[in-house]
Every structure is written in C-alpha cells, then in structure tokens.
Amino acid sequence: MNNFLIGSSKFAVSSLRSNLAAPATRLVAARCFSSGDDDNEVKTGIIKYFSYKTQFGFIIPDGVDKKTHSDSDLFFIHRNDIKTEENANGEKFYPGLKRNLRVAFKVSPADDNGKSAKAYELTMADGTLVPPFQTGYLERYSKSQKAQFGDKVFTIMSTCADQQEMETKIVSAFDQVKENIEKQRAKMERAGVSADE
C-alpha cells in the first residue's frame, strides 16, 4: 500500500493501490493544519446550507463532490465570520447566505467538538462583501411573517371563548406582523438596499 501527498502537506491520500485491479474506492482527504505561511490561504466553494434563524451553515469547498461528501469535507460558517461593513451610522448588517452562492473564505481548525473546520472572513468569490440582503429577502421575510400570523390566528381562535377578546388578539397579531415587515424594510433602506430587490 502506498501513501501519496497531493499538492502540499494539507492533504494526504490513503488506500491507493498502484498495480492491483480493484474496484474504485473513495479517496479520503485528511485536513492537516499547520502554522505555516499558507494559513491565510483563501479557498472558494459554494454554500450548501445557511439558516437565518440559527445564523450558521456549511460550505462545500471546490474540489469536493456536492452529493457524496462527508461532514468532515464541509466548512462551518457562522454569521459573525462573514466580512461586513458598518453603515454611516455605525450600524452593522449581517448578511444571510443562499444555497449555491459562490464564496471565498479562510479556514481555521474545527472546535474541539466540531466535525467541520471553520470558515472565516467570508466574502463573495470575487472578494467583494456579501450583500447585506439577498435578492427577494423582503418578500421571503414577509411570507414567513404571514405564515406565523396564520399560526397565531389559529391558536387564538382555538383558545378564545370571548368574541371581543379573539378579535382584539387577532388585530394585535396583525399589527405586529405589519410592524415587523416595516422594520425590515427600514433596515434595508438604512443599508442602502432597495426593498424592491
């Protein structure tokens, strides 16, 4: 059995047989982190998943199969590790990431209990900052608020016996949804993004 190093000391490939006919096996790349000069190497990949609610997700780096990868092939990304700028008022906007968005990032080792290495200083693949709001953000946000409103109305109608109390709670829930949507619209405007995008 031969062990080969590919490119640099970052990747080690095992279980290759050079002269035996055998079924194809999956090559396993082991990540090794050193204190060398290439620790600040910028990698690229695509967003596999990102949750606005939990504010984290995962990146599939270039060179890793999108369908047959393991968790250890992915890079963990938290919203705090996305490069951002403050607006003129000092307000910071944390962008969300969409599936299949091409990004560039630097890498640090996984936490003690983490399976995936961590990405940081994440930008768009061309090095520009990730926009604070993706196209269609306000529409998606509005839909989620309206869906939550429907759930609230169902709960209110299921639990209220008094007609006046039920109407008051429904109007209050509706006003809250409108207020939440308007807050997001104003936040987008402060970030210099048109709410129509």
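Numbers here simply count residues along the sequence, with the first being 1. Given the structure is predicted, the values throughout are model-derived calculations rather than measurements. Every heavy atom of this structure was used, including side-chain atoms; hydrogens, water molecules and symmetry mates were not.
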Query raised in the report: Taking a hydrophobic cluster as the set of Ile, Leu, Val, Met, Phe, Trp and Tyr residues connected by side-chain heavy atoms closer than 4.5 Å, whether directly or through intermediates, do L129 and I47 fall within one such cluster?
Result: no

Report task. Examine V103 and V42 and state if one hydrophobic cluster contains both, with Ile, Leu, Val, Met, Phe, Trp and Tyr joined whenever side-chain heavy atoms are less than 4.5 Å apart. Result -> no

Euclidean distance, [Y] [atom2] relative to [X] [atom1], rounded to 0.5 Å:
{"X": "F133", "Y": "M188", "atom1": "CZ", "atom2": "CE", "answer": "6.0 Å"}
{"X": "E91", "Y": "T84", "atom1": "CD", "atom2": "OG1", "answer": "11.5 Å"}
{"X": "D73", "Y": "K66", "atom1": "CG", "atom2": "NZ", "answer": "14.5 Å"}
{"X": "I181", "Y": "Q145", "atom1": "CD1", "atom2": "CD", "answer": "6.0 Å"}
{"X": "F50", "Y": "I77", "atom1": "CZ", "atom2": "CD1", "answer": "7.5 Å"}
{"X": "M124", "Y": "I82", "atom1": "CE", "atom2": "CD1", "answer": "11.0 Å"}

So do the side chains of [X] and [Y] get within less than 4.5 Å of each other, counting heavy atoms only?
{"X": "K118", "Y": "V107", "result": "no"}
{"X": "V193", "Y": "P132", "result": "yes"}
{"X": "M157", "Y": "I170", "result": "yes"}
{"X": "I60", "Y": "I46", "result": "yes"}
{"X": "I59", "Y": "L97", "result": "no"}

**Report entry** Counterpart residues, salt bridge (Lys or Arg N to Asp or Glu O under 4.0 Å), relative to E165 (two or more places apart)
**Finding:** K169

Report summary line: Residues passing the salt bridge (Lys or Arg N to Asp or Glu O under 4.0 Å) test with E189, sequence neighbours excluded, are none

Report summary line: So side chain to side chain donor-acceptor pair (under 3.5 Å) across residues 54-64, not counting sequence neighbours, yields T44-D62, S51-T54, D62-R102

Query raised in the report: Residues two or more places apart in sequence or in another chain: which of them pass ring-ring contact (aromatic ring centres under 6.0 Å, His included) with Y49?
Result: none

Query raised in the report: Looking only at heavy atoms, which two atoms of A117 and S108 are closest? And how far apart?
Result: CB-O, 3.4 Å

Query raised in the report: Taking all atoms of both residues into account, what is the closest heavy-atom pair of D65 and K67, and its distance?
Result: OD1-N, 2.7 Å

Report task. Would you mind listing every salt bridge (Lys or Arg N to Asp or Glu O under 4.0 Å) that reaches into residues 171-184, with sequence neighbours excluded? Result -> E179-K183, E182-R185

Report task. Please list all pairs passing the salt bridge (Lys or Arg N to Asp or Glu O under 4.0 Å) test where one or both residues lie in residues 142-164, with sequence neighbours left out. Result -> E139-K143

Ignoring hydrogens and geometry, is there a side-chain-to-backbone donor-acceptor pair from [X] to [Y] under 3.5 Å?
{"X": "R140", "Y": "T135", "value": "yes"}
{"X": "N180", "Y": "V177", "value": "no"}
{"X": "T168", "Y": "Q164", "value": "yes"}

Requested in this report: Give me the ring orientation class for Y52 and Y137: parallel if the planes are under 30° apart, tilted from 30 to 60°, perpendicular past 60°.
Outcome: tilted

**Report entry** Ring-ring centroid check F76 F58, cutoff 6.0 Å
**Finding:** yes

